[in-house]
Student: 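Before I ask anything, here is the structure I am working with.
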Amino acid sequence: MADPKRLNLFRNIGIIAHIDAGKTTLTERVLFYTGRSHRMGEVHDGTAVMDWMEQEQERGITITSAVTTCRWRGHEIHLIDTPGHVDFTMEVERSLRVLDGAIAVFSGVDGVEPQSETVWHQADRYHVPKVAFVNKMDRIGADFTNTVNQIENKFKTIPLTLQLPIGSESDFRGVLDLVSMKQIIWLDETLGAEFTIEEIDPALSSAANEARENLVAKLGEFDDELMERYLGGTEITPEHLIPVIRRLTLELKAVPVLCGSALKNKGVQPLLEAVVDFLPSPVDVPPIEGTNPATGAVEQRKSDEKEPLSALAFKIFMEQGRKLTYLRIYSGVLQVGTDILNVSKGAREKVSRIFEMHANKRERIERSGAGNLVAVLGLKTTTTGDSICDPDKPLLLEPVDIYEPVISVSVEAQTRADQEKLFDSLAKLSEEDPTFRFAESPDTGQIIVSGMGELHLEIVLNRLARDYHVGVNAGKPQVVYRETIRTRAQGTGVFDREIGGTRHFAQVQVSLAPRERGVGNQVSNKVRDGSIPEIFFPAIEQGIQDAAGSGTVAGYPVVDVETTLFSGLFQEGISSELSFRVAASMAFRNAFEQADPVLLEPCMLVEILAPEESLGVVLDDINMRKGKIENITARKAIQVVSAVVALSKMFGYSTALRSSTQGRATFTMHFSHYDLASQ
């Protein structure tokens, strides 16, 4: 039987942030203080529990999102530690798709960084409530107030400052809790596991009272009862504040902000309290919605074990040749040995094993219910974004958004033995990671692999050698271009051929028109004279899609084109779906060649952090790369340069920037849009 009280005690949360903000370090402390692990792992030592892959330990970065479960104050917290590097944004995307809440970590020194903005907006898109944690308060240059102001200005949200730091930089030793009006001091000798809760130091009481007044005034704007108490001078206790903070957090109107230093073991326990107090349980979020594949009607499933099973596959991982499928169970119960339906593929599957995950370690369980994140063995056809349901009550959930690759390299096997294993190994890697693609070039016979950036492809090829023991030689990175048109044109395709003793005939006429950049392709049917029977329209549309798969300029996919079918010719007995599909493809190509086809290249949004004295060389370099400077802002002694630059001009930029600024400047970049390729 389902127990709603049990579901109230669940928290499905992710830790999201820019690279090097301290996500994994924070996660290690959470695991230690909740008793899930018995020693603190450190990223810089390569001993972090959640960074278990060899590549993660060597590089000191998170590459794949890791799932674990821990318990705090009687609550069961399912936690996903996500990557911060832009090349692995897909890992964040698919995690946020299945999470109910998130901890957004910011460096107190660097404030809101570019990838922080990306993951924040991803969370907003999935309506994920957030708690903000300003980390690294012990570091030189840490500025809590500045970071809170950036959260307010950049995200257009209301930050609820629940804590103030006690001491700064190397003197940081605790926090003022503005909800309870106490001060919390951590004891270094206990690795932060123990702390004292005291009355606020008189020297700090003035700042604490002012900040508490501001907090109550902000909350009072959204709660009449609280405002009455505030204006009437009545005592306001934590019991009055916490429900209002929780409601505003769940409604995405405000974000509680806490602070600390994960590396120095300060501030983690109050953050866990905030997760329990302010972030949603599965019953706090709206019921999951999906489409009934039989009727097309939109249906809802509550987070309840009494409801029919519905789950979403959000991650695939290959382990020693076996496929592990990570599921978020939204409703119903999943049991070992039961048949389930993959609605996305229309295939029945059998659950052979279910695991509760702790990074790469597994705990076998026999059943799991609504609100859980689990891993399953036995699902052969399931891929990222597939809907898993009760075979008698199918429901197709919204899939995970998949990013398109922007960079490619050619690879070739080093030996004949490697050649035999190459395709199979690449297929397994692409099943795990939907942003990694591979294909054989029809012109050269080379295998082309594509991904989200140079680091992404480097990691994939490294895994190919380590995990699958396949040696490859890789070529230089190549940009993944697109093709489009600049003018309108019409084209005709005629297919008249005898195949296998049967004549096939069709004639199709289409017109092409350019669309706004980034909106995608569209096919519309304007045939009104009955020259083509409606039964052939799906085949014609498929033929147009086939042709749009490779343009006539350089064979890249065609984007942002509107294709209108306006006439054709049909002959009884000899016109077929095959003939119309081929004729439509020919008509599209014929029109495309006359419509001034052009190449589009991916443009990247680049943000460079450089000291003021290096600003000149940074700007000169961007101009040499034909980049467009968007803006320059000052962040204390650092200048922040935002620019849009073609990806083809950014190869080797990391080395060039380091050498021109003596290693003092850093940069991040992520895909912005496609635009006309520079000559």
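We number each residue from 1, following the sequence as shown. Keep in mind it's a predicted model, so treat the numbers as computed, not measured.
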Student: Look at atom CZ of R139 and say whether more than 12 heavy atoms of other residues, nucleotides or ligands are closer to it than 6.0 Å.
Tutor: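 Atom CZ in R139 is not packed in, count stays at 12 or less.
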Student: Side-chain atoms of residues 163-172: list all donor-acceptor pairs with protein atoms under 3.5 Å, sequence neighbours left out, distances to 0.1 Å.
Tutor:
residue: Q163; atom: OE1; partner: C259; partner atom: N; Å: 3.0
residue: E169; atom: OE2; partner: G141; partner atom: N; Å: 2.9

Student: Under the rule for side chain to side chain donor-acceptor pair (under 3.5 Å), what residues qualify as partners of R173, not counting sequence neighbours?
Tutor: none
Student: In terms of relative ring orientation, are H121 and F155 parallel, tilted or perpendicular, with 30° and 60° separating the classes?
Tutor: perpendicular
Student: Of all residues at least two apart in sequence or in a different chain, which pass the side chain to side chain donor-acceptor pair (under 3.5 Å) check with N473?
Tutor: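 Testing N473 for side chain to side chain donor-acceptor pair (under 3.5 Å), a comparison that skips the adjacent residues, returns Q414.
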Student: Sequence neighbours left out, what passes side-chain contact (heavy atoms from CB on, under 4.5 Å) with T552? Give chain and number order.
Tutor: R589, F592, E593, P597
Student: Any salt bridge between R125 and E93, counting N to O under 4.0 Å?
Tutor: yes
Student: Given the rule in the side-chain contact (heavy atoms from CB on, under 4.5 Å) test, do Q269 and W186 qualify, once you have shown the distances and angles that lead to the verdict?
Tutor: CA-CA 10 Å; Q269 294 93 335; W186 277 268; 2.9 Å; yes
Student: Can you name the salt bridge (charged side-chain N to carboxylate O under 4.0 Å, His left out) partners of D124, sequence neighbours left out?
Tutor: K130
Student: Just to verify, what does S107 make a side-chain contact (heavy atoms from CB on, under 4.5 Å) with, not counting sequence neighbours?
Tutor: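 Counting only residues at least two positions away or on another chain, S107 forms a side-chain contact (heavy atoms from CB on, under 4.5 Å) with V109, D110, E113, K136.
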Student: Under the ring-ring contact (aromatic ring centres under 6.0 Å, His included) rule, collect the residues that match up with F438, sequence neighbours excluded.
Tutor: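 Partners of F438 under the ring-ring contact (aromatic ring centres under 6.0 Å, His included) test: F423.
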Student: Can a donor-acceptor pair be found, under 3.5 Å and without considering hydrogens, that links the side chain of K218 to the backbone of P159?
Tutor: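 It does hold such a pair.
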Student: Does a side-chain N-to-carboxylate-O contact under 4.0 Å join R463 and E432?
Tutor: yes
Student: Between OG of S614 and CG of L657, what distance do you get to the nearest 0.5 Å?
Tutor: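 The distance works out to 8.5 Å.
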Student: Evaluate whether atom CD of E251 has more than 12 neighbouring non-hydrogen atoms of other residues, nucleotides or ligands under 6.0 angstrom away.
Tutor: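 Enclosed.
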Student: Please determine whether side-chain contact (heavy atoms from CB on, under 4.5 Å) holds for the pair L464 and V411, giving the CA-CA distance in whole Å, both sets of side-chain angles, and the decisive distance to 0.1 Å.
Tutor: CA-CA 11 Å; L464 198 61; V411 297; 6.0 Å; no
Student: L160 vs F278, test: side-chain contact (heavy atoms from CB on, under 4.5 Å). Steps then yes/no.
Tutor: CA-CA 12 Å; L160 301 174; F278 308 130; over 6 Å; no
Student: Which residues pass the side chain to side chain donor-acceptor pair (under 3.5 Å) test with S116, not counting sequence neighbours?
Tutor: none
Student: Report the residues that fulfil salt bridge (charged side-chain N to carboxylate O under 4.0 Å, His left out) with E273, sequence neighbours left out, ordered by chain and then residue number.
Tutor: R73
Student: Ignoring hydrogens and angles, tell me if any N or O in the side chain of D560 forms a donor-acceptor pair with the backbone of R515 under 3.5 Å.
Tutor: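 Side chain of D560 to backbone of R515: no pair is present.
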Student: What residues, two or more places apart in sequence or in another chain, satisfy ring-ring contact (aromatic ring centres under 6.0 Å, His included) together with Y126?
Tutor: none
Student: Residues in ring-ring contact (aromatic ring centres under 6.0 Å, His included) with F144, at least two apart?
Tutor: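 F144: no ring-ring contact (aromatic ring centres under 6.0 Å, His included) contacts found.
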Student: Mind checking whether H456 and F436 have parallel, tilted or perpendicular rings, split at 30° and 60°?
Tutor: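 H456 vs F436 ring planes: perpendicular.
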Student: Only counting residues at least two apart or in another chain, list the ones meeting side chain to side chain donor-acceptor pair (under 3.5 Å) with N521.
Tutor: none
Student: Side chains of L429 and D467: closer than 4.5 Å at any heavy-atom pair?
Tutor: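 No, too far: nothing below the 4.5 Å cut-off.
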